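Keep in mind that the numbers below use all heavy atoms, side chains included, and drop hydrogens, waters and symmetry copies. We name chains A, B, ... by the order of the sequence lines, and we start the count at 1 in each one. The structure displayed is predicted, hence computed values, not measured ones.
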Amino acid sequence: MEYTPRAIEKKWSEWWTKKQVYRVSHTTDKPKYYILNMFPYPSGAGLHVGHPLGYIASDIIARYKRLRGYNVLNPMGYDAFGLPAEQFAIEKGVHPAVSTEQNIRYYRQQLENLGLSFDWSREIRTCDPKYYKWTQWIFSLLFEHYYDLDAQKALPIAHLVERFSQEGNARVRAACDDNTPKITAEMWNNFSEREQQLFLLHYRLTFPEESFVNWCPALGTVLSNDEVKDGVSERGGYPVERKRMKQWSMRITAYAERLLEGLEEVDWPEAIKEQQRNWIGRSQGATVQFPLQGHGDLYIEVFTTRIDTIYGATFMVLAPEHELVPRITTATRWAEVQSYLKWAASRSERERMAEVKRVTGVNTGAFAINPFTKAAIPVYVADYVLAGYGTGAIMAVPSGDQRDWNFARAFQLPIVPILDSQKNLEEAADPTKEGRYINSGMINGLTYEEAVPVLLKWLEENGLGKARTQYKLRNAVFSRQRYWGEPLPIYWKDGVPYLLPQHELPLVLPEIDKYLPTEAGEPPLARAHHWRYRPSPNEVYEYEYSTMPGWAGSSWYWYRYMDPHNDEAFCGQEALQYWRCVDWYIGGAEHAVGHLLYSRFWNHFLYDLGLVPEREYAKKLTNQGMIQGRSSIVFRAKEFFYEEYLWVKVLQPFLKEYEPMIIPKNRMEETFTYDFAFAVNDLAIEVVSWKLVDKIESVRRTAEADGKRLLVLFIEELAKNINQPELTAEKIRTALHSREPFFMAEVVPEIDQLFVSYELTHKYSPECFSRLYVDISLVNNDVLDLSAARHLPMFQRANFKVGPEGQFLCGSEIEKMSKSKYNVVNPDEIVEQYGADCYRMYEMFLGPIEASKPWDTKGITGVQGFLKRVWGHFVGPNDTWLVNEEPPSSEEWRALHTAIKKVTEDIERFSLNTCISHLMILSNELRTLKCHKRAILEPTVVLLAPFAPHLAEELWHRLGYESSVCDASWPTFDERYLASDRVVYPVQVNGKLRGNIEVDASASQETIVQIALEQDFVRRFLGDNGVKKVIVVPGRIVNIVA
RNA sequence: GCCCGGGUGGUGGAACGGUAGACACGCAGGACUUAAAAUCCUGUGGCCGUUGAGGCCGUACGGGUUCGAGUCCCGUCCCGGGCACCA
C-alpha cells in the first residue's frame, strides 16, 4: 500500500479524539511541564501558514516531554474580545458574539487539521462571562489595593484607611499621584464619605483620572501607547491625537522597579528584555529646585541625570503645558508666550516628531536662581521639553547637552564649559564625564565620581533637591469607549466610582441596539438604558460605560487553563500548586511591551496577594519568527503612464526568462494588484511585439464582460530556445487550462497568438512561485534587454526604483502575511495536498523557530519524500509488512543510537530543524542498509512521533501496539553502540587540513603522533622544516606545527 | 542618533574554538519507462590542474589573539528589528 497521509491522518485524528488521548489532569505523580502558546485573536480570515509555526513547535516539545514521562499541559483558547469583531458588527450588524463564535469554529477546525495535541477540554475564550467574571474580579482586587513602598508590595486599601485615620498621609510611602495633597489624620477624619473616596483614588492601583490620552476619532476610542505607531493607530492606520479625557488607569508605574528586576530571573530573548527595559526607561538622577526671582517661595523643580553639570546651567526651559508658565511670564512677554503655547498645542504628535531638528521656543521674561551659582538665569518655554517626563522642566546645560546647545545657539545664550576635557564647544555640545570640573564652585578640580556625592549632599542639606530615580513607563490607560470588551465592575455614586460587590460578578455585557457611541458622545454601553445597578429597590446607579482594553483578558489566562471550569475561583489552589507557572511560552515578538509587560504586572500583583506561586509566570519565552508572504506587486498605474500603454516585462530568475504584460491606459487610474504564481514551471515565454495591443484590448473587454477583473497577458510563443522548440501555442493553452483556476488562456486565431489572463487576486499555486523582478518601461521604447540590467543593484534588491531612462523597476516584497495584501497562504491547502505530518515537518525544517522567512513550498517535496521512505521501511508493495525480528548489526545499532543522541540533544535545545535532518539521515542509512528490523524501527517510530504524529501512530499500531504512541517512552541513548575500535583523525599541518589517519581507538597520543608523522602527505608539507609541536585533541583532530 | 539582532554555496539553512557548507531544495548526468510523472543512482562552493594525482582561494571587509577562528577581540561597511527631543 502506498503511503496515504490524508487517510491515515483522518483515522488517527478521530481515534485521538475518541480516546481523549490529550486530556490531562493535575492529579498525578508525574512531573509537570506547562507549554503555552499565546492564544490567537480569532479573525475572520482564519489561520494562514504563519500562525501554526509556534503551535507546531510547541506541539513537538509537548509530545516529546510526554514521551519523557512528563505530565504536559498544552492548552489553547481565544483572545476573543477586540476591535475587528466590533467593526464588523458596526458595518454588517452582526452581533460580535456571533461572528466571534463563527471565527472560533473555523480556527478550531483548522487547528484540529494539524494534529496538535491540545487538551481541548480546557479551551477558554476571554469573552465568555464565566471567564471574564475573573478578569473583573482581578480588576476589583486592583481597585482595592495600593502599592506600599516600604513593604514593596501591594496592600489592601483598608490598611491605608486605617493609617490615614491615625496619622494622615505624611509618613505613608506609597505609589500615588504626583499631585496627592498632604493630609493630617484630623483632615481625613473630617472628610465626608465622598471626599475620602476621592482621596483614595490617588492610591488605588486602578483609578479614573483626567489625563492626556491617545484619542483615535476614526475608531472612536482611546489607544494605549503601544497601540500607536508613528502617530497613527496600529490597527487601521488612523490618525491619533492627544486629548484630555477621563479614563481608567492602571498604576503599573508602581511596579516599574520590580518589572525591571524580574527580567533578570527569566529566560527570555535578550531583545525582548531589552525592549522592556527601554520601555520602563529607568534613569537615575536628582531633582533640584530653582527658586524663581521675585515670586516668593515659587520654584521650578527639574529632574536631571547630570547633576554634576549644574554649574553650567545657564537657562531653564519649561514644557508648554507646564503649570508655571502662565504664572511667571512677564506682562511684556505674555502675548508672545501665549501665541507660542497655542501653536505648540495645535501641533500633532506627528508634526512634532517630524520636526525634531527645528529649534522653537520663547522667553518668559522670568528668571530663576541657580542654587549653586546664585546666578539669575532666564526661563524659556520650548516644546523640546516634554510635559510628561520628569517634572516637565529642565535646567539647560548647553555645554553638555546637544539640544540645550542648539537652543542656546539659536537664542544667543551663554555656553559655559564645566570640564577641562570638553572640546569643540564652538561646534557642538560635549557630553563627556571625563576630566576635572572647572567653573564649578565647590566641585572644581573633582572628577565625576567625586563630584556627584558632594552635590547631592549639599542639595539634601539645603532642602533644595535629592537623588531620584525616574522612569519613562507611564500608567496604562485601562478603558476603551467600545462595546466588545469586559465591562468594568464599577458603578458611579455622587461622581465617585464604587466597586460592584463580588457576588454581582460577572457583570454581563448588555445588549444594545447599535455598536456606536451615543449622540451625546458616551460609549456604546450607555445605549443600554435599563442596564443599571439597583442594590435596593430605591437605589439606581449608572455603571461605568467604558469597557476594558484588549490586554485585560490576556493578562492572566494561563492560570485559567490550569482549572478552566472552576466557578469558585479564578483557579483552584490544588491545580495552581501543581502547575505553578508556564515552563515555555511561545509567541510573537510584537507583544514585547504590550501583553508581555502588562501580564507580568498583573502577575506580580497577584503574587503580592499570595494568589499565585511565582513572581514571574513564564520561565522561558521564545518568539517564533514570522512566516512572511510574498506580496503582490502594486502598480499605481497613473504614476507611470503618459503614453498609450504600459509595457511590463517580468523577469523571473527562476525561469531565466521574461513575461510581457500590458496594462491598457484606461485602467491606469486603478491600482493593479497581481500575484505571480507561474504554473508554467517548465515553460519559457518570449516577448512579442507590442503592436498587437488592439487585440489585447478585445480580449480584455471580453473578460470584463464576464465580470472578471483581469489583467491581460500576451504571449507569442514559448521560447524556442529553451529546450522546448516543439511547444506550440495550442500546447501552452492546454497546459495552462489544466492549471485552473489560476489561468485563462485564449488563442486569437486570426493572428495565431495566445493570450493568457491572470486573475488579479488569485491564490498562490503551491507548485511554484519565485521572487520576481519587474521592469516597466513605456511602450514606445523597444523591448528592453533585461539581461544587461540584471546585475544592477535595483534588480538585486527587490525594491521599487525608477531607472535611469524613466523605466520603472520594482519587485515583490516580502512582508507579513495579511489579507489586505493578498499574500496569505492557507495551511488547509497544504495539508490537503501533502498531509498534516508533511506540513508540520516542512514548516519546522525551514529553519530555526525564531527566524522569519518567506513562505515557500519549494522544498516541501524533500520532506514528502522522507515520509514516503519512512513508510517504505515498514510497508512494501501491495501492503506487505516488511518488519522482521532479526537482530540488528552493529552498523544498524550505531545509526539508530546516533540519531537518538542527536535528536534528543537538539530537541532539548529547541533546534527542531536539525532534529529533522537527523531523522532524515537515519532514514537514509536504514535504506542503504536495507534494514527492516523491529529492534531498530520501533525506536525510530518513537523518535518520529513528535514530528509526524499521525504516521507514527499508524506504524506504532501496525507494529502491534494498542495504546497510543504518545504514551510510548523515548528511546534511551546507549554510548556502547557508538563505540568503535578504529578512529579517524583529520590531520592538519600548520592548521591546514592535509589528510586523515585511522588509528586504534585505544592508541596513545604518542602512537597517534607517530602514525601521523609517518604519513606521506605530512612529510610533503613539512618539507625541510622540523616539527615544532604536535597537538592531539583526543577523538577530534591532530595538528602538526612546523 | 542610541540599543539589540544578523551578514556562510544558485536557495532554505548546518557546524561544544577542532575536517566549513550537515540535511534539504534546485541544477547536471544516468537508470527504469513508448512517453511523462513517480522512484532510484551519481555529481554539485569557486578557480587552476589532472582526466580516478593534486593545488590555491573561500563564512561581508581590514586587522588581532590562537597550534587551529564562520565561531573570540578591535575597527569598518551593509541588512533587519526596536527606541528616540526621556533631560
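- B:C4 and B:C57 have their P atoms separated by 36 Å, with the value rounded to a whole Å.
- For A:T304, the listed nucleotide lying nearest its side chain is B:A87; candidates were B:A87, B:A24, B:A14.
- Applying the 4.0 Å criterion to OP1 and OP2 of B:C4, one finds that A:R277 has every side-chain N and O outside that range.
- Applying the 90° cutoff around 0 to the glycosidic angle, B:G9 is assigned syn.
- Using a 4.0 Å heavy-atom cutoff across all strands shown, A:R927 reaches sugar-phosphate atoms only and no base atom.
- The residue A:K992 sits close only to the backbone: its heavy atoms come under 4.0 Å of sugar-phosphate atoms, none of a base.
- Atom name P, nucleotides B:A22 and B:G43: the rounded distance is 13 Å, in whole Å.
- Comparing B:C83 with B:A15, their C1' atoms sit 34 Å apart, to the nearest whole Å.
- The nearest pair of heavy atoms linking A:V385 to A:A319 is O-CB, 3.3 Å.
- A ring-centre distance under 6.0 Å is not found for A:F411 and A:F315.
- At distances below 3.5 Å, at least one donor-acceptor pair connects side-chain atoms of A:D404 with backbone N or O atoms of A:V397.
- On the P atoms, B:G58 is 22 Å away from B:C73, given to the nearest whole Å.
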Determine, stepwise, if the pair A:V416 / A:Y311 fulfils side-chain contact (heavy atoms from CB on, under 4.5 Å).
CA-CA 8 Å; A:V416 180; A:Y311 284 93; over 6 Å; no
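- Taking 4.0 angstrom as the limit, A:N924 places a side-chain polar atom (N or O) nearer than this to OP1 or OP2 of B:A24.
- Cation-pi contact between A:K433 and A:Y448: present, with separation from the ring centre below 6.0 Å and deviation from the ring axis of at most 45°.
- The backbone N or O of A:L846 lies less than 3.5 Å from no partner atom in the side chain of A:N913, so there is not a single donor-acceptor pair.
- Among the protein residues, A:P848 comes within range of the sugar-phosphate backbone only, with heavy atoms under 4.0 Å from sugar or phosphate atoms but none that close to a base.
- Taking a cutoff of 4.0 Å between a charged side-chain nitrogen and a carboxylate oxygen, A:R277 and A:E270 qualify as a salt bridge.
- Residues A:F407 and A:Y384 place their aromatic rings such that the two centres sit under 6.0 Å apart.
- Partners of A:Q1015 according to the side-chain hydrogen bond (donor to acceptor under 3.5 Å, both in side chains) rule, which considers only residues two or more places apart in sequence or in another chain, do not exist here.
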Provide a list of protein-nucleic acid N or O atom pairs under 3.5 angstrom, restricted to nucleotides 59-68 of chain B.
| from | atom 1 | to | atom 2 | distance (Å) |
| --- | --- | --- | --- | --- |
| B:C67 | O2' | A:N1039 | ND2 | 3.1 |
| B:C67 | O2 | A:N1039 | ND2 | 2.7 |

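- No donor-acceptor pair under 3.5 Å is formed between the side chain of A:D308 and the backbone N or O of A:V452.
- To the nearest angstrom, P of B:C83 lies 13 Å from CG of A:L597.
- Nearest-nucleotide mapping onto RNA chain B: of A:Y471 and A:I921, the residue sitting toward the 5' end is A:I921.
- Among the heavy atoms of the strands lying under 4.0 Å from A:I394 is at least one base atom, whether or not backbone atoms are also near.
- Here, B:A60 and B:G55 have their P atoms 26 Å apart, quoted to the whole Å.
- The CG atom of A:L993 sits 10 Å away from the P atom of B:G21 (whole-angstrom rounding).
- Helical stems of RNA chain B (runs of at least 3 Watson-Crick or G-U pairs, donor-acceptor distances under 3.5 Å) are listed by first residue: B:1-7 with B:77-83, B:10-12 with B:23-25, B:26-31 with B:39-44, B:45-48 with B:54-57, B:60-64 with B:72-76.
- Nucleotides B:A35 and B:U44 have their C1' atoms positioned 28 Å apart, rounded to a whole Å.
- Put simply, CG on A:N623 is 17 Å from P on B:C4, counting in whole angstrom units.
- Nearest nucleotide to the A:D383 side chain, out of B:C40, B:A15, B:C85: B:C85.
- Taking only side-chain nitrogens and oxygens, A:N913 comes nearer than 4.0 Å to OP1 or OP2 of B:A14.
- Nucleotide B:C3 holds its C1' atom 10 Å from the NZ atom of A:K472, rounded to whole Å.
- In this structure, the OH atom of A:Y842 is 10 Å from the C1' atom of B:U11, given to the nearest Å.
- Of the P atoms belonging to B:A28 and B:A38, the separation is 14 Å, rounded to the nearest Å.
- Between the side chain of A:N370 and the backbone N or O of A:I310 there is at least one donor-acceptor pair closer than 3.5 Å.
- At the phosphate of B:G17, neither OP1 nor OP2 sits under 4.0 Å from any side-chain N or O atom of A:R1036.
- Of the residues in residues 309-319 of chain A, not one places a heavy atom less than 4.0 Å from an atom of RNA chain B.
- A residue-by-residue look at A:I860 and A:M395 shows that A:I860 has its nearest nucleotide of RNA chain B further toward the 5' end.
- For residues 837-850 of chain A, the set of pairs meeting the salt bridge (charged side-chain N to carboxylate O under 4.0 Å, His left out) definition, not counting sequence neighbours, comprises A:D59-A:R840.
- Distance A:D906 CG to B:C16 C1': 12 Å, rounded to the nearest Å.
- Rounded to whole Å, atom P of B:U19 lies 13 Å from atom OH of A:Y985.
- If you take CG of A:L919 and C1' of B:A24, they are 13 Å apart, rounded to a whole angstrom.
- A distance of about 14 Å separates the C1' atoms of B:C27 and B:G45, rounded to the whole Å.
- For A:E257, the salt bridge (charged side-chain N to carboxylate O under 4.0 Å, His left out) partners two or more places apart in sequence, or in a different chain, are A:R282.
- Looking at A:R909 and A:E905, no side-chain N of the basic residue comes within less than 4.0 Å of a carboxylate O on the acidic one, giving no salt bridge.
- The listed nucleotides are B:C40, B:U39, B:C4; the one nearest the side chain of A:R869 is B:C40.
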